[in-house]
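Right, one structure below, let's go through it.
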Amino acid sequence: MFEVGDYVVSMANGICEIKDVVEMEMSGSRKEYFLLIPESEANSKVYVPVDSAEKRIRKAMDKKSALSVIEQISDMEELIITNEKERETRYKEAVRSCDPKLLVGIIKNMYIRKQQRLAEGKKCTAMDEKYFKLAVHNLHAELAFALDCEESEVEALIRRRIEKTA
(Lines give C-alpha, C1' and ligand atoms only; values in the text may rest on other atoms or scores of the structure.)
Protein backbone atom coordinates (compact mmCIF):
# COMPACT_ATOMS: atom_id res chain seq x y z
CA MET A 1 0.00 0.00 0.00
CA PHE A 2 2.78 2.45 0.87
CA GLU A 3 6.03 2.87 -1.02
CA VAL A 4 9.26 4.79 -0.61
CA GLY A 5 8.68 8.32 -1.92
CA ASP A 6 4.99 8.42 -0.91
CA TYR A 7 3.76 11.33 1.14
CA VAL A 8 1.63 10.28 4.07
CA VAL A 9 -0.18 11.86 7.00
CA SER A 10 0.97 10.64 10.38
CA MET A 11 -1.38 11.20 13.29
CA ALA A 12 1.42 12.55 15.44
CA ASN A 13 3.74 14.13 12.88
CA GLY A 14 1.62 15.57 10.08
CA ILE A 15 2.80 15.32 6.47
CA CYS A 16 5.78 12.98 6.09
CA GLU A 17 7.69 11.44 3.23
CA ILE A 18 8.48 7.73 3.32
CA LYS A 19 12.24 7.76 2.82
CA ASP A 20 13.06 4.10 3.30
CA VAL A 21 12.02 0.71 4.63
CA VAL A 22 14.43 -0.46 7.30
CA GLU A 23 14.73 -3.59 9.37
CA MET A 24 15.25 -3.02 13.08
CA GLU A 25 15.32 -5.13 16.20
CA MET A 26 12.91 -4.07 18.92
CA SER A 27 11.96 -6.09 21.98
CA GLY A 28 13.97 -9.06 20.75
CA SER A 29 12.32 -9.40 17.36
CA ARG A 30 13.23 -8.04 13.93
CA LYS A 31 10.59 -6.04 12.07
CA GLU A 32 10.39 -3.81 9.03
CA TYR A 33 9.68 -0.14 9.59
CA PHE A 34 8.89 2.76 7.31
CA LEU A 35 11.32 5.61 7.89
CA LEU A 36 9.30 8.82 7.73
CA ILE A 37 10.70 12.32 7.51
CA PRO A 38 8.20 15.00 8.62
CA GLU A 39 7.84 17.94 6.23
CA SER A 40 7.83 20.37 9.15
CA GLU A 41 10.95 18.92 10.78
CA ALA A 42 13.37 17.65 8.13
CA ASN A 43 15.90 16.63 10.80
CA SER A 44 13.43 14.33 12.56
CA LYS A 45 12.92 10.65 11.90
CA VAL A 46 9.79 8.65 12.60
CA TYR A 47 9.61 4.87 12.42
CA VAL A 48 6.28 3.16 11.74
CA PRO A 49 5.98 -0.65 11.71
CA VAL A 50 5.14 -1.80 8.19
CA ASP A 51 2.71 -4.43 9.50
CA SER A 52 0.56 -1.84 11.30
CA ALA A 53 1.15 1.20 9.11
CA GLU A 54 -2.45 1.38 7.88
CA LYS A 55 -3.58 2.11 11.44
CA ARG A 56 -1.08 4.95 11.94
CA ILE A 57 -0.64 6.66 8.57
CA ARG A 58 -2.59 7.31 5.38
CA LYS A 59 -1.65 8.68 2.00
CA ALA A 60 -1.68 12.46 1.87
CA MET A 61 -4.31 14.14 -0.26
CA ASP A 62 -3.42 15.05 -3.81
CA LYS A 63 -4.53 18.31 -5.43
CA LYS A 64 -7.76 16.82 -6.81
CA SER A 65 -8.75 15.44 -3.39
CA ALA A 66 -7.91 18.72 -1.65
CA LEU A 67 -10.04 20.71 -4.08
CA SER A 68 -12.85 18.20 -3.57
CA VAL A 69 -12.66 18.63 0.22
CA ILE A 70 -12.82 22.42 -0.13
CA GLU A 71 -15.72 22.09 -2.56
CA GLN A 72 -17.68 19.94 -0.09
CA ILE A 73 -16.99 21.89 3.12
CA SER A 74 -20.35 23.67 3.09
CA ASP A 75 -22.16 20.32 2.88
CA MET A 76 -20.13 18.50 5.52
CA GLU A 77 -21.92 17.82 8.78
CA GLU A 78 -20.79 19.29 12.06
CA LEU A 79 -19.65 16.77 14.65
CA ILE A 80 -22.55 16.48 17.10
CA ILE A 81 -21.53 15.91 20.72
CA THR A 82 -24.34 15.95 23.25
CA ASN A 83 -22.53 14.31 26.16
CA GLU A 84 -20.13 16.80 27.76
CA LYS A 85 -18.14 13.98 29.37
CA GLU A 86 -17.40 12.55 25.91
CA ARG A 87 -16.44 15.89 24.33
CA GLU A 88 -12.65 15.69 24.77
CA THR A 89 -12.56 12.02 23.77
CA ARG A 90 -14.48 12.77 20.57
CA TYR A 91 -12.24 15.77 19.83
CA LYS A 92 -9.13 13.62 20.30
CA GLU A 93 -10.51 10.87 18.07
CA ALA A 94 -11.31 13.35 15.30
CA VAL A 95 -7.91 15.03 15.45
CA ARG A 96 -6.04 11.72 15.62
CA SER A 97 -7.98 10.32 12.67
CA CYS A 98 -6.50 12.93 10.32
CA ASP A 99 -9.75 12.52 8.37
CA PRO A 100 -10.52 15.84 6.64
CA LYS A 101 -14.29 15.33 7.01
CA LEU A 102 -13.98 14.75 10.75
CA LEU A 103 -11.68 17.77 11.07
CA VAL A 104 -14.23 19.95 9.27
CA GLY A 105 -16.96 18.49 11.50
CA ILE A 106 -15.04 19.37 14.64
CA ILE A 107 -14.25 22.88 13.36
CA LYS A 108 -17.93 23.50 12.58
CA ASN A 109 -18.98 22.11 15.96
CA MET A 110 -16.58 24.33 17.85
CA TYR A 111 -17.44 27.43 15.85
CA ILE A 112 -21.16 26.98 16.60
CA ARG A 113 -20.43 26.11 20.24
CA LYS A 114 -18.25 29.22 20.62
CA GLN A 115 -20.98 31.46 19.18
CA GLN A 116 -23.54 29.94 21.56
CA ARG A 117 -21.28 30.38 24.58
CA LEU A 118 -20.50 33.99 23.66
CA ALA A 119 -24.24 34.69 23.26
CA GLU A 120 -24.72 33.31 26.80
CA GLY A 121 -21.96 35.57 28.12
CA LYS A 122 -19.54 32.67 28.55
CA LYS A 123 -16.01 32.27 27.29
CA CYS A 124 -14.80 29.53 24.98
CA THR A 125 -13.29 26.68 27.00
CA ALA A 126 -9.54 26.07 26.91
CA MET A 127 -10.20 22.54 25.68
CA ASP A 128 -12.32 23.80 22.78
CA GLU A 129 -9.65 26.34 21.85
CA LYS A 130 -6.91 23.69 21.97
CA TYR A 131 -8.71 21.19 19.73
CA PHE A 132 -10.05 23.90 17.42
CA LYS A 133 -6.49 25.10 16.76
CA LEU A 134 -5.25 21.53 16.26
CA ALA A 135 -8.07 20.68 13.85
CA VAL A 136 -7.62 23.88 11.83
CA HIS A 137 -3.85 23.45 11.67
CA ASN A 138 -4.03 19.78 10.62
CA LEU A 139 -6.64 20.45 7.95
CA HIS A 140 -4.95 23.57 6.59
CA ALA A 141 -1.48 21.99 6.62
CA GLU A 142 -2.58 19.04 4.51
CA LEU A 143 -4.63 21.17 2.12
CA ALA A 144 -1.69 23.57 1.72
CA PHE A 145 0.64 20.66 1.01
CA ALA A 146 -1.71 19.17 -1.58
CA LEU A 147 -2.36 22.53 -3.26
CA ASP A 148 1.31 23.58 -3.08
CA CYS A 149 0.52 26.83 -1.30
CA GLU A 150 1.08 28.41 2.08
CA GLU A 151 -1.08 27.38 5.01
CA SER A 152 -2.15 31.01 5.38
CA GLU A 153 -3.68 30.91 1.86
CA VAL A 154 -5.93 27.94 2.61
CA GLU A 155 -8.33 29.88 4.84
CA ALA A 156 -8.93 32.40 2.05
CA LEU A 157 -9.57 29.57 -0.44
CA ILE A 158 -12.11 28.02 1.92
CA ARG A 159 -13.76 31.36 2.69
CA ARG A 160 -14.15 32.16 -1.04
CA ARG A 161 -15.72 28.75 -1.64
CA ILE A 162 -18.18 29.16 1.24
CA GLU A 163 -19.13 32.68 0.11
CA LYS A 164 -19.63 31.40 -3.43
CA THR A 165 -22.12 28.74 -2.26
CA ALA A 166 -23.94 30.99 0.25
Side-chain angles (χ1 to χ4, degrees), residues 1-73 75-110 125-151 154-155 157-158:
M1 175 168 194
F2 302 107
E3 298 178 15
V4 172
D6 284 349
Y7 283 91
V8 296
V9 178
S10 162
M11 292 178 236
N13 303 95
I15 304 289
C16 299
E17 181 180 5
I18 298 177
K19 283 291 190 182
D20 201 358
V21 178
V22 297
E23 194 171 295
M24 295 172 38
E25 187 171 330
M26 296 257 192
S27 303
S29 65
R30 295 193 72 70
K31 287 175 94 172
E32 285 190 325
Y33 290 83
F34 287 117
L35 168 60
L36 309 180
I37 305 296
E39 282 290 297
S40 61
E41 298 177 45
N43 295 329
S44 295
K45 293 179 181 180
V46 178
Y47 295 93
V48 174
V50 170
D51 61 358
S52 64
E54 290 183 25
K55 295 176 186 171
R56 300 183 56 196
I57 60 176
R58 69 167 172 79
K59 285 198 176 186
M61 281 189 265
D62 59 14
K63 185 174 185 174
K64 182 179 178 183
S65 299
L67 290 171
S68 177
V69 166
I70 291 171
E71 191 72 22
Q72 296 173 34
I73 282 178
D75 299 326
M76 290 180 190
E77 297 289 322
E78 78 171 270
L79 183 65
I80 305 292
I81 304 171
T82 55
N83 184 335
E84 285 300 315
K85 291 180 181 180
E86 290 180 11
R87 185 168 297 283
E88 186 169 18
T89 301
R90 298 280 306 279
Y91 286 171
K92 280 181 186 177
E93 288 170 357
V95 169
R96 285 183 182 153
S97 76
C98 300
D99 181 329
K101 289 181 181 177
L102 287 177
L103 294 175
V104 170
I106 206 171
I107 292 165
K108 285 184 171 186
N109 170 280
M110 289 184 205
T125 67
M127 180 182 61
D128 283 355
E129 282 292 325
K130 172 186 171 184
Y131 286 102
F132 181 81
K133 287 178 183 176
L134 274 171
V136 167
H137 169 71
N138 291 356
L139 178 66
H140 289 191
E142 186 174 5
L143 291 172
F145 173 81
L147 298 172
D148 194 26
C149 67
E150 294 297 319
E151 214 174 305
V154 171
E155 188 171 342
L157 288 169
I158 293 170

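In this text the structure is predicted, and so the values were computed from the model without any measurement.
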Note to self: As a test of understanding, state which of R90, E77, R87 forms a side-chain contact (heavy atoms from CB on, under 4.5 Å) with N109.
What the structure shows: R87
Item checked: Y7 and F145 aromatic centres sub-6.0 Å -> yes
Note to self: As an exercise, state the distance from CD1 of I81 to CD1 of I106, rounded to the nearest 0.5 Å.
What the structure shows: 6.0 Å
Next item on the list: Answer yes or no: are there more than 12 heavy-atom neighbours, outside D148 itself, under 6.0 Å from its atom CG?
Entry: no
Check: Would you say the side-chain atoms of S52 pair up with the backbone N or O of K55, donor to acceptor, closer than 3.5 Å?
Finding: no
Notebook entry, point to check: Does the side chain of I107 reach to within under 4.5 Å of the side chain of F132, using non-hydrogen atoms?
Noted result: yes
Next item on the list: Quick one: do I18 and L35 satisfy side-chain contact (heavy atoms from CB on, under 4.5 Å)? Show the steps, please.
Entry: CA-CA 6 Å; I18 298 177; L35 168 60; over 6 Å; no
Next item on the list: Count the heavy atoms of every other residue, nucleotide or ligand shown that sit under 6.0 Å from CD of E155, and state whether that count exceeds 12.
Entry: no
Note to self: Less than 4.0 angstrom from a charged side-chain N to a carboxylate O is my criterion; do E142 and R58 meet it?
What the structure shows: yes
Check: Where is the tightest heavy-atom contact between L102 and S97, given as atom of each residue plus distance?
Finding: CD1-OG, 3.4 Å
Checklist line | Heavy-atom closest pair, residues M110 and D128 | finding: SD-O, 3.1 Å
Note to self: Evaluate Q72 against S68 for side-chain hydrogen bond (donor to acceptor under 3.5 Å, both in side chains), listing each step before the verdict.
What the structure shows: CA-CA 6 Å; Q72 296 173 34; S68 177; 2.7 Å; yes
Checklist line | side chain to side chain contact (heavy atoms under 4.5 Å, CB included) partners for V154, two or more places apart | finding: H140, L143, A144, C149, I158
Next item on the list: Measure across L79 and A94 and return the closest heavy-atom pair with its distance rounded to 0.1 Å.
Entry: CD2-CB, 4.4 Å
Note to self: List the residues meeting ring-ring contact (aromatic ring centres under 6.0 Å, His included) with Y91, not counting sequence neighbours, and say none if there are none.
What the structure shows: Y131
Checklist line | Closest non-hydrogen atom pair, A53 against V48 | finding: CA-CG1, 3.9 Å
Checklist line | Spacing of S10 atom OG and R56 atom CZ [to the nearest 0.5 Å] | finding: 7.0 Å
Checklist line | Atom of N13, atom of P38 and distance for their closest heavy-atom approach | finding: O-CB, 4.0 Å
Notebook entry, point to check: Which of these passes side-chain contact (heavy atoms from CB on, under 4.5 Å) with F2: V21, V8, L36?
Noted result: V8
Note to self: Could you measure the distance from the CD atom of E71 to the CG atom of L157? Nearest 0.5 Å is fine.
What the structure shows: 11.5 Å
Check: K45 versus I37: any side-chain heavy-atom pair under 4.5 Å?
Finding: yes
Checklist line | OH on Y33 to CE on M26, rounded to 0.5 Å | finding: 4.5 Å
Item checked: Side-chain heavy atoms of P100 within contact of M61, under 4.5 Å -> yes
Margin query: If you compare all heavy atoms of D20 against all heavy atoms of V4, which two are closest, and at what distance to 0.1 Å?
Written below: CA-CG2, 3.8 Å
Next item on the list: Give a yes or no on whether E84 atom CD has more than 12 heavy-atom contacts from other residues, nucleotides or ligands under 6.0 Å away.
Entry: yes
Check: For the atom pair NE2 (H137) and CD (E151), what is the distance rounded to the nearest 0.5 Å?
Finding: 5.0 Å
Check: Short question: side chain of D6, backbone of E3 - any donor-acceptor pair under 3.5 Å?
Finding: yes
Notebook entry, point to check: Does K31 pair with D51 as a salt bridge, N-O distance under 4.0 Å?
Noted result: yes
Margin query: Any donor-acceptor pair under 3.5 Å linking the side-chain atoms of E25 with those of S29?
Written below: no
Item checked: Distance (rounded to the nearest 0.5 Å) between K92 NZ and M127 CE -> 9.5 Å
Check: For K108, does the NZ atom have more than 12 heavy-atom neighbours from other residues, nucleotides or ligands under 6.0 Å away?
Finding: yes
Notebook entry, point to check: Does the pair E54 and M1 meet the rule for a side-chain contact (heavy atoms from CB on, under 4.5 Å), with working shown?
Noted result: CA-CA 8 Å; E54 290 183 25; M1 175 168 194; 3.4 Å; yes
